[in-house]
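Take a look at the structure below.
So you know, we letter chains A, B, ... as the sequences are listed, proteins then strands, and number each from 1.
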Amino acid sequence: MNIFYYDVAIPIPIRETFTYECKESIQVGSRVLVEFRKKKVVGHIVKAVSKKPNFYTIQISEILDEEPIFKSNDIDILFWLADYYQHPIGEVFDTFCPPTLRKPVKRNIHSRNIQSEYKAFSNDKKVTLNKEQVESLEILNNLDGFDPCLLYGVTGSGKTEIYLRLTDTYLTKGKSVLILVPEISLTPQLEDRFVSRFGDNIGIYHSKKTAKQRYDIWERAQSGELKIVIGTRSAVLCPLNELGVIIVDEEHDQSYKQHEGFRFSARDLSIKRAQVEAIPIVLGTATPSLQTLRLVQEKKYKEAKLLKRANGFKPPGFITLDINDSQLESGIAKESLDAITNTLKENKQVLIFINRRGFSPLYECSSCRWIAECSSCDARLVFHHGLNRLICHRCDSAYGVPKKCPACNSSSLNLQGSGTERIELFLENYFEGTTIIRLDQDTTKKKGSLKEILEMVHKSESAILVGTQMLAKGHDFPRVELGIILNCDSGITSPDINSLEKISQLLIQVSGRVGRKENNGKVIIQTRYPEDKNLLELRSGDYLNFALNNLKQKKELRHPPYSAIALLRTTSPLAKHNINFLHQVNKSAKLKSDMSIIGPIPSIISKSRGNFRHHSIIQASSKIDLNKLIKNIIVLAGSWKETKKVKWYFDIDPIDYN
DNA sequence: AGCACGCCGACT
DNA sequence: GTCGGCGTGCTC
Ligand SMILES: [Zn+2]
Ligand SMILES: [Zn+2]
């Protein structure tokens with residue numbers, strides 16, 4: 001009798017697969033139940049093995065799928081992921097397996113006969129497209145095969161309407177559409193627009209949905225019953241039948257990169273998917289990433305442009321306000337307060353952006369300079385007024401607030417600096433009677449609270465909105481006429497590799513919330529560096545011009561996107577273990593002349609959960625070279641004694657070095 | 001990741 | 001003597 005052999009990927013942090021035998025033939029991409037170290041686990045068949053292996057194999061306990069959950073295109077993509085990010089294959093397969101199917105259960109396959117009707121309801125505001133929109137839609141409708149295209153649309157230019165029309169084009173052809181969005185927080189608006197246009201037979205797929213809901217969408221998408229799926233990172237490989245196009249909204253958004261565990265970029269992955277499936281992909285944003293801009297410049301990506309807001313207005317530029325000689329009240333300058341007063345008088349709303357939540361980011365003793373820090377993270381504690389606790393934003397530990405300095409027993413302890421909470425309290429006092437709305441992680445933690453807050457913004461007439469990044473992302477606040485950016489100097493002076501890209505995107509996104517309804521919005525940037533070259537360049541609000549200059553510099557310096565980098569991070573209870581390991585890497589790695597390793601460097605978060613953190617930056621001139629170099633290091637490191645003392649991982653295309 | 005195996009310190 | 005500490009190594 002014939003015995004078949006298969007390589008099975010098991011969800012553990014090991015790069016290898018394990019070979020099992022089976023009396024029946026199994027399709028690659030199916031899940032199986034196997035005994036692994038005496039325990040039953042769900043694994044994935046990744047490859048058929050033609051020859052009997054020269055080691056002992058055990059039988060596959062159960063074939064879980066009659067129809068494989070991953071098709072041949074998916075398998076190609078999953079192998080690419082494991083190779084590109086050098087991540088254990090079993091974990092890669094597991095990541096894209098819906099949670100329900102990680103358990104040894106049979107699939108609940110939906111019949112292919114259920115065909116849904118999608119009809120664009122044209123009564124959803126009879127919007128006529130302007131000239132730019134017509135031209136852009138024309139470009140997008142004509143994309144063919146693997147055909148990436150940037151949709152550059154300034155804030156408020158009506159990108160969503162273009163997405164809707166493009167979706168309609170594909171539905172008419174009997175194709176399905178996948179729309180990726182950065183985070184759940186801003187999806188409701190996009191979601192609502194799609195539902196009111198195409199009805200509610202739309203799959204909404206993100207990590208806040210229950211496993212059951214997600215699995216249901218997954219099966220309905222695969223059967224062809226669902227033709228529109230809107231989702232976050234975890235939805236990139238959602239198995240839509242007859243997928244026609246992928247739309248990535250806010251393609252520049254950093255949250256597309258997973259920053260824990262398997263550090264893949266969902267944007268880059270979706271581009272890979274489009275390539276493997278030979279379909280177009282649309283990257284929509286008001287602030288394109290440098291990576292995308294480079295590829296547009298080199299004509300590898302097409303481009304469609306919406307340079308005007310749908311109502312014909314342009315987003316406001318910036319006014320820089322020198323605060324070197326200003327008296328600040330809770331971080332706000334007198335001039336800013338006056339501007340707020342004026343805006344409120346006109347019955348309009350004000351948006352205040354600050355990159356910090358909590359009351360105050362620094363609790364300090366004025367006589368001995370003692371600073372409240374987290375005992376396990378080496379990070380400064382942030383005072384939260386509502387909780388009356390000092391909180392570590394790294395590990396969420398809460399500490400009581402000492403009345404006397406633990407170091408010198410002095411009672412002159414000060415709260416330095418302002419976060420959203422302090423500003424909210426200050427404004428409530430200063431502008432008594434005015435509605436103050438705070439929008440940050442702390443006020444939106446509860447389910448539905450974001451929706452509530454947004455409704456409040458829309459209901460209110462004059463109001464002040466105070467918030468962090470969340471406030472800058474994609475919202476439509478028609479009454480906001482004034483924006484104030486309180487502290488972006490850290491972003492301007494930071495030497496971090498992406499800091500200019502990040503800060504310029506942030507400023508533009510903030511200005512994108514302002515003056516959307518009427519054409520007299522303004523945005524004030526409070527800064528101690530009013531003469532900063534980059535700030536001056538950005539002042540007009542012309543992101544593209546700024547980004548192209550930035551790109552030119554990256555080219556000269558051979559920084560990404562004109563080179564590829566990886567971060568090699570180590571953690572261990574003893575700093576010297578990290579350093580020894582990273583030195584061994586420097587000594588042994590085979591570097592060509594266009595490659596470099598910079599390190600070991602203590603990481604910005606130098607300690608976490610009692611472990612020291614160090615890193616090296618590995619650079620090569622292409623992604624392919626970088627990939628080879630990393631594989632070389634992994635092989636070499638397998639035989640060093642230094643390797644055993646540390647935990648280590650690579651972060652490919654890192655977005656920060658923290 | 002888990003889990004067994006093994007070789008040293010401090011317990012009944 | 002032996003209980004258990006976690007450093008090291010292996011998993012089809
Ligand atoms: Zn003190
Ligand atoms: Zn901490």
What residues form a side chain to side chain donor-acceptor pair (under 3.5 Å) with A:Ser621, not counting sequence neighbours?
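In terms of side chain to side chain donor-acceptor pair (under 3.5 Å), with neighbours along the sequence ignored, A:Ser621 is linked to A:Asp594.
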For [range], which residues have at least one heavy atom under 4.0 Å from DNA chain B?
range                     : value
residues 36-51 of chain A : A:Arg37, A:Lys39
residues 21-34 of chain A : none
residues 2-20 of chain A  : A:Pro13, A:Ile14

For nucleotides 5-7 of chain B, list the nitrogen or oxygen atoms of the protein found under 3.5 Å from its nitrogen or oxygen atoms, one pair per line.
none

Which ring pair (Phe, Tyr, Trp, His ring centres under 6.0 Å) pairs, counting each pair once, include a residue from residues 583-632 of chain A, with sequence neighbours left out?
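Qualifying pairs: A:His615-A:Tyr657.
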All salt bridge (charged side-chain N to carboxylate O under 4.0 Å, His left out) counterparts of A:Glu277, not counting sequence neighbours
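Testing A:Glu277 for salt bridge (charged side-chain N to carboxylate O under 4.0 Å, His left out), a comparison that skips the adjacent residues, returns A:Arg273.
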Applying salt bridge (charged side-chain N to carboxylate O under 4.0 Å, His left out), can you list everything that pairs with A:Arg31, at least two apart in sequence or on another chain?
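Scan of A:Arg31 (salt bridge (charged side-chain N to carboxylate O under 4.0 Å, His left out), adjacent residues dropped) gives A:Asp65.
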Sequence-distant partners of [X], side-chain contact (heavy atoms from CB on, under 4.5 Å), two or more places apart:
X       : answer
A:Pro68 : A:Gln27, A:Ser30
A:Ile14 : A:Ile12, A:Glu16, A:Phe18
A:Ser72 : none

Test: A:Asp268 and A:Lys257 ion pair at under 4.0 Å:
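A salt bridge is absent here (no side-chain N lies under 4.0 Å from a carboxylate O).
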Enumerate the residues from residues 88-103 of chain A whose closest heavy atom to DNA chain C is under 4.0 Å, giving them by residue number; use none for an empty result.
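Of all residues in residues 88-103 of chain A, none places a heavy atom under 4.0 Å from DNA chain C.
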Are OP1 or OP2 of C:dG7 and a side-chain N or O of A:Lys644 less than 4.0 angstrom apart?
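Answer is no, no contact under 4.0 Å.
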